[in-house]
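A short write-up of the structure that comes next.
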Amino acid sequence: MKFRLCGTDEVDEGAMIQATVSGKPPFAVFKVEGEYFVTDDTCTHGKASLADEGDLEGHCITCTWHDGKFDIRTGEVLAAPCTQPIKAYPVKIEEDAVWIEIE
Ligand code: FES
C-alpha cells in the first residue's frame with residue numbers, strides 16, 4: 001500500500017519531520033542535498049523520536065538520548081548503544097509529496 005507522508009515543501013534542507021499514517025508507527029522524513037529519506041521515527045534503543053530528538057549531520061542521524069547513530073539511507077547502525085538497525089523505506093516523490101510503499 002502506498003502512503004503519502006508529507007508535502008516536499010514541509011521538510012527543510014538538512015532537517016527532518018515526523019510523519020504519521022493511521023495505524024502505523026511514526027516515520028521520520030529527512031531531506032539531505034535535495035533528496036528525501038524515510039525511516040521509522042522511534043529509535044531502536046529507546047523510545048526517542050529521531051525527528052524530534054535527533055541531530056542530523058549529512059546522512060547520519062544521532063539520537064541525542066544516548067548518542068546512538070544511524071545511516072538514514074540504509075538504517076544501518078553507526079554507533080552504540082544502538083544495536084538494531086532502524087527500518088529505512090524506499091521513497092517516491094509524486095505530486096510534490098513524499099510517499100512510501102509498505103505492506
Ligand atoms: Fe536512542 Fe538510546 S534512545 S540512543
Side-chain angles (χ1 to χ4, degrees):
M1 240 177 132
K2 204 163 113 183
F3 295 95
R4 182 190 187 281
L5 295 183
C6 62
T8 50
D9 59 356
E10 291 178 60
V11 193
D12 292 334
E13 174 59 38
M16 60 280 181
I17 62 166
Q18 189 190 72
T20 51
V21 166
S22 160
K24 303 284 178 198
F27 300 99
V29 184
F30 304 87
K31 184 179 179 185
V32 178
E33 293 167 11
E35 206 177 337
Y36 294 84
F37 302 89
V38 174
T39 68
D40 280 338
D41 184 44
T42 307
C43 180
T44 58
H45 177 246
K47 294 280 178 241
S49 158
L50 295 178
D52 290 342
E53 314 280 353
D55 189 10
L56 183 63
E57 225 183 304
H59 294 99
C60 175
I61 182 80
T62 300
C63 176
T64 57
W65 277 19
H66 313 102
D67 286 336
K69 297 178 199 284
F70 302 96
D71 187 320
I72 60 168
R73 296 169 291 193
T74 59
E76 179 192 356
V77 173
L78 299 177
C82 304
T83 54
Q84 285 288 111
I86 195 125
K87 198 161 169 30
Y89 300 86
V91 174
K92 277 199 179 131
I93 304 300
E94 281 172 20
E95 297 161 12
D96 295 326
V98 179
W99 300 76
I100 56 168
E101 202 151 345
I102 47 179
E103 303 288 305

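Each ligand, and each atom within it, is numbered from 1 in the order the structure gives.
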If Ile, Leu, Val, Met, Phe, Trp and Tyr residues are connected whenever their side-chain heavy atoms lie under 4.5 Å apart, and connections chain through other members, are I86 and L78 in the same group?
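No, I86 and L78 fall in different hydrophobic clusters.
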
Inspect the contact between E95 and R4 and indicate whether a charged nitrogen and a carboxylate oxygen are less than 4.0 angstrom apart.
no

Would you indicate whether E57, at its atom CD, is surrounded by more than 12 heavy atoms from other residues, nucleotides or ligands within a distance under 6.0 Å?
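For E57, atom CD is not crowded (no more than 12 foreign heavy atoms under 6.0 Å).
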
Do L5 and V21 make a side-chain contact, defined as non-hydrogen atoms from C-beta onward lying under 4.5 Å apart?
yes

What protein N/O/S atoms lie closer than 2.8 Å to atom 2 (Fe) of ligand 1?
H45 ND1, H66 ND1

Calculate, to the nearest 0.5 Å, the distance between atoms NZ and SG belonging to K69 and C82 respectively.
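Atom-to-atom, K69:NZ and C82:SG are 10.0 Å apart.
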
To the nearest 0.5 Å, how far apart are NZ in K24 and CG in D41?
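Those atoms lie 16.0 Å apart.
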
